[in-house]
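All residue numbers refer to positions in the sequence shown, counting from 1.
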Amino acid sequence: MNRKQVLSVVLVLVLVVSLSVSALAAEPTVYTNEELGYSFTTPEGCTAVVDGKNAQSLLDSTSKEVELTDQVKAIIEQAKSAPIVIMLLNMVKEKNFANNMNVVAQDLGVAATTADLLPLSSQLEAQYQSMFPGFALAAPCEIKTFGERDALTLRGEYQLQGIDLTICQGFFMEGTIMYNVTLTACREEFEACYPKLEGVLSTFQVAK
């Protein structure tokens with residue numbers, strides 16, 4: 001994997017770390033992306049807000065359940081062409097920040113295992129440090145097991161627009177496809193949100 005591939009993954013993630021939207025909480029449901037061939041259970045209180053199929057309808061919506069700021073509209077436009085699914089957790093009103101998750105799938109063009117991604121951790125750390133001064137790992141990068149799914153985990157802390165954030169990512173391989181599930185949350189709420197990331201990773205299924 002070269003640095004260009006790594007950077008493309010990071011740039012997609014950066015698009016969604018500062019969502020400014022509100023939405024009604026939802027019960028757990030199974031989200032299926034037939035085009036990309038995967039499914040997972042969305043955690044309680046988490047809604048799959050946008051993917052390539054519903055992006056335009058959300059942009060056209062006049063519903064008061066979702067506040068379509070200019071920033072969010074730009075993110076939704078990106079989702080129209082990128083293989084990304086964005087989910088919302090709770091809104092931290094005093095900071096105007098929605099804790100959020102996203103799933104990205106990227107074809108690396110070469111078959112690999114999750115263990116092969118281990119060298120990715122140092123490159124991602126360097127990329128984050130270049131984009132967010134003060135970014136630091138909050139835990140060692142390591143491979144963890146979520147249900148029957150092994151994933152390379154990266155957990156870091158940084159500040160964005162005056163908000164202290166924690167990001168945690170789980171990377172795993174299926175054939176030539178690298179999947180990345182990311183949680184971004186206000187630092188003081190990260191521990192409460194983390195089980196939702198565990199739930200997505202443990203229920204993630206790839207069509208064979």
Side-chain angles (χ1 to χ4, degrees), residues 9-19 21 23 25-33 36 38-51 75 79 82-92 95 97-106 114-115 117-118 120-121 124-125 127-128 132 135-160 163-174 177-206:
V9 174
V10 173
L11 289 178
V12 170
L13 299 174
V14 170
L15 289 171
V16 298
V17 296
S18 55
L19 286 171
V21 300
E27 294 299 316
T29 59
V30 176
Y31 170 85
T32 300
N33 191 309
L36 297 175
Y38 65 75
S39 64
F40 56 86
T41 300
T42 60
E44 184 175 358
C46 179
T47 303
V49 175
V50 60
D51 60 18
I75 293 169
I84 186 171
V85 175
I86 302 169
M87 295 173 283
L88 298 179
L89 306 181
N90 60 300
M91 167 66 77
V92 184
K95 297 184 178 180
F97 184 88
N99 296 328
N100 63 89
M101 297 174 63
N102 69 75
V103 179
V104 175
Q106 183 180 30
T114 298
L117 297 177
L118 214 45
L120 179 70
S121 56
L124 278 175
E125 180 183 6
Q127 293 288 354
Y128 275 121
F132 304 114
F135 175 89
L137 291 180
C141 295
E142 59 182 339
I143 293 178
K144 294 183 177 181
T145 301
F146 303 86
E148 299 181 355
R149 171 76 59 191
D150 287 342
L152 171 66
T153 60
L154 180 150
R155 177 176 171 179
E157 297 178 342
Y158 63 102
Q159 190 174 84
L160 181 68
I163 303 174
D164 292 326
L165 299 175
T166 298
I167 186 171
C168 189
Q169 300 174 281
F171 298 87
F172 58 91
M173 291 294 303
E174 287 283 351
I177 308 296
M178 181 178 70
Y179 297 91
N180 178 12
V181 182
T182 299
L183 164 67
T184 305
C186 292
R187 194 167 303 168
E188 64 272 21
E189 299 200 0
F190 174 79
E191 294 300 332
C193 293
Y194 181 72
K196 300 179 187 297
L197 175 69
E198 293 180 307
V200 171
L201 286 167
S202 63
T203 61
F204 204 101
Q205 298 291 323
V206 178

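Considering every non-hydrogen atom in both T114 and F171, the closest pair reads CG2-O, 3.7 Å. The minimum heavy-atom distance between A115 and I143, with the atom names listed, is CA-CD1, 3.6 Å. Minimum interatomic distance between I177 and A105 (heavy atoms only, all atoms of both residues): CG2-CB, 4.1 Å. Across T32 and S39, no two heavy atoms sit closer than the pair OG1-CB, 3.6 Å. In plain terms, the two heavy atoms of C193 and A185 that are nearest each other are SG-CB, 4.2 Å. Across every non-hydrogen atom of V85 and F40, the tightest pair is CG1-CZ, 4.4 Å.
With values rounded to the nearest 0.5 angstrom, L154 atom CG is found 4.0 Å from C141 atom SG. Here M178 contributes atom CE and M173 contributes atom CE; the two are 7.5 Å apart, rounded to the nearest 0.5 Å. Here the OH atom belonging to Y38 is positioned 13.0 Å from the CD atom belonging to E174, to the nearest 0.5 angstrom. In this structure, OG1 on T184 lies 7.0 Å from CG on L165, to the nearest 0.5 angstrom. With rounding to the nearest 0.5 Å, the separation of OG1 in T166 from CG in L183 is 8.5 Å. We find the SG-CD1 distance between C186 and I163 to be 5.5 Å, quoted to the nearest 0.5 Å.
Using a 4.5 Å cut-off on side-chain heavy atoms (C-beta onward), V181 and L197 make contact. You'll find the side chain of N180 stays beyond 4.5 Å of the side chain of Q106, heavy atoms only. Between F204 and V103 the shortest side-chain heavy-atom distance falls below 4.5 Å. In this structure, the side chains of I167 and Y158 come closer than 4.5 Å at one or more pairs of heavy atoms. Side-chain contact between E125 and L137 is present, with at least one heavy-atom pair separated by less than 4.5 Å. Between R149 and V206 there is a side-chain heavy-atom pair separated by less than 4.5 Å.
Relative ring orientation between F132 and Y128 is described as parallel, the plane-to-plane angle staying below 30° on a 0-90° scale split at 30° and 60°.
Pairs of residues two or more places apart, or lying in two chains, that qualify as salt bridge (charged side-chain N to carboxylate O under 4.0 Å, His left out) and include a residue from residues 188-199 are K95-E188, R155-E191.
When atom types are taken as modelled, the side chain of T203 and the backbone of T41 share a donor-acceptor pair closer than 3.5 angstrom.
Judged as a ring pair (Phe, Tyr, Trp, His ring centres under 6.0 Å), and not counting sequence neighbours, F146 has no contacts.
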Working note: E157 + D164, criterion side chain to side chain contact (heavy atoms under 4.5 Å, CB included); need CA distance, chi angles, decisive distance, verdict. CA-CA 7 Å; E157 297 178 342; D164 292 326; over 6 Å; no

